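See below for the structure under consideration.
What you are looking at is a predicted structure, and each value in this text was computed from that prediction instead of being measured.
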Amino acid sequence: MKQTNTKSIAATALFAAIIFMGIQAFRIPLPAAVGTPFVHFGHIFVMLAIVCLGPVRAAIAGVIGYVIFDVMNGYIHAIPNVFCCTVIKCLLVGYIFLALCKKADGDSKKEYIYAIICSVIYGIANTVLDLVWNTIELTIMGSSLGAAFIAELTAIPATFINSAFTVVGIALLYKPVKNAYHRIIKK
């Protein structure tokens, strides 16, 4: 039991570090009227954490990785958004993936398709949560609802691109990462 707990903690910490590096090492800034959106690989690694670690541990790894990035790069103001949205996405997509895997009954081809479907769900959830959160945030800061919504729409292309990267990344990395994870953790 103790070995499983140690492996579980180590795997969660490893994914947190990988998520951090997925943002820190690869960022392409995009223009927007509001905020500083950029394309990055962080969401791919959060999604890989979801399929390997499960919803709760993925949420922990995602929050840790993203918050460390935010603190180290001057995005401290974004931490409440990152915390709430990461937890929601990981739990939502993670439990959907678990239910679909149960339905797949060990069929690896179905699980692969379900991982890709869940990465699409993750992208949709990410887009909706970002749009809603940031629109509300701009409204609280004094913008009219309409102006806040329109301004936030200018940042959505980065979210769409990140969502597309996530789907492609999962399509390419799901099988090798999941297999490696099971070989290491199940020893």
Side-chain angles (χ1 to χ4, degrees), residues 8-9 11-24 27 29-30 32-99 117-167 169-170:
S8 172
I9 292 168
T12 304
L14 176 65
F15 270 98
I18 291 169
I19 291 163
F20 165 74
M21 288 306 298
I23 307 167
Q24 185 68 29
R27 281 183 284 171
L30 295 172
V34 177
T36 54
F38 50 86
V39 177
H40 61 82
F41 285 158
H43 295 299
I44 294 170
F45 297 124
V46 170
M47 191 60 215
L48 287 169
I50 290 169
V51 299
C52 291
L53 302 175
V56 174
R57 288 183 21 225
I60 293 167
V63 166
I64 291 170
Y66 282 149
V67 167
I68 290 171
F69 170 81
D70 287 343
V71 168
M72 290 181 65
N73 290 281
Y75 295 105
I76 293 174
H77 63 281
I79 290 174
N81 177 339
V82 166
F83 181 89
C84 293
C85 293
T86 301
V87 169
I88 291 168
K89 288 181 292 195
C90 288
L91 295 178
L92 171 71
V93 175
Y95 284 114
I96 290 171
F97 184 71
L98 288 176
I117 290 168
C118 283
S119 68
V120 171
I121 294 168
Y122 180 96
I124 292 167
N126 189 45
T127 302
V128 170
L129 288 169
D130 272 0
L131 182 64
V132 170
W133 183 284
N134 292 329
T135 299
I136 292 169
E137 191 175 74
L138 288 172
T139 304
I140 290 171
M141 292 179 0
S143 294
S144 70
L145 182 59
F149 182 75
I150 290 169
E152 189 50 38
L153 284 177
T154 66
I156 290 298
T159 307
F160 285 141
I161 293 168
N162 279 321
S163 297
F165 271 10
T166 302
V167 173
I170 293 302

How long is the straight-line distance from CD1 of Ile18 back to CD1 of Ile44, given to the nearest 0.5 Å? 12.5 Å
Minimum heavy-atom distance between Thr135 and Thr139, given as atom pair plus value: O-OG1, 2.8 Å
Distance col, row Ser119:OG vs Ile170:CD1, nearest 0.5 angstrom, shows 6.0 Å
Using side-chain heavy atoms (C-beta onward) and a distance below 4.5 Å, is Leu138 in contact with Met141? yes
Taking ring-ring contact (aromatic ring centres under 6.0 Å, His included) as the definition, give me every residue that meets it alongside Phe149, ordered by chain and number, with sequence neighbours left out. none
Using every non-hydrogen atom in the two residues, find where Ala49 and Ile19 come nearest and quote the distance to one decimal. CB-CD1, 4.5 Å
Step by step, work out the side chain to side chain contact (heavy atoms under 4.5 Å, CB included) result for Phe97 and Ile117. CA-CA 9 Å; Phe97 184 71; Ile117 290 168; over 6 Å; no
Any side-chain heavy-atom pair from Val82 and Phe69 closer than 4.5 angstrom? no
Hey, could you give me each pair passing side-chain hydrogen bond (donor to acceptor under 3.5 Å, both in side chains) that has a residue in residues 45-57? Not counting sequence neighbours. Ser8-Arg57, Thr12-Arg57, Arg57-Tyr181
dist Asp70:CG -> Asn81:CG (nearest 0.5 Å) comes out at 9.0 Å
Check ring-ring contact (aromatic ring centres under 6.0 Å, His included) between Tyr122 and all other residues, then give those that pass, not counting sequence neighbours. His43
Is there a side-chain contact between Leu153 and Leu131, using heavy atoms and a 4.5 Å cut-off? yes
State, with a plain yes or no, whether a side-chain heavy atom of Tyr66 is found less than 4.5 Å away from one of Ile23. yes
Sorted by chain and number, sequence neighbours left out, ring-ring contact (aromatic ring centres under 6.0 Å, His included) with Phe45 holds for none
I'd like to check the ring-ring contact (aromatic ring centres under 6.0 Å, His included) partners of Phe20; sequence neighbours left out, ordered by chain and number. none
Measure the shortest side-chain to side-chain distance between Cys118 and Val51 over non-hydrogen atoms and say whether it is less than 4.5 angstrom. no
Asn126 CG to Ser163 OG distance, which is reported to the nearest 0.5 Å: 5.5 Å
Answer whether the closest heavy-atom distance between the side chains of Tyr95 and Val56 falls below 4.5 Å. yes
Value rounded to 0.5 Å, distance of OG1 in Thr166 from CD1 in Ile121: 13.5 Å
Working to the nearest 0.5 angstrom, can you tell me the gap between Trp133 CH2 and Cys84 SG? 4.0 Å
Search all heavy atoms of Lys89 against all heavy atoms of Ile50 and return the closest pair with its distance. O-CD1, 4.3 Å
Can you sort out the partners of Val63 under side-chain contact (heavy atoms from CB on, under 4.5 Å), two or more places apart, ordered by chain and number? Val67, Phe83, Thr86, Val87
Please report the closest heavy-atom contact between Leu98 and Pro55, naming both atoms and the distance. CD1-CD, 3.6 Å
Derivation and outcome, side chain to side chain contact (heavy atoms under 4.5 Å, CB included), residues Asn73 and Arg27: CA-CA 12 Å; Asn73 290 281; Arg27 281 183 284 171; 3.6 Å; yes
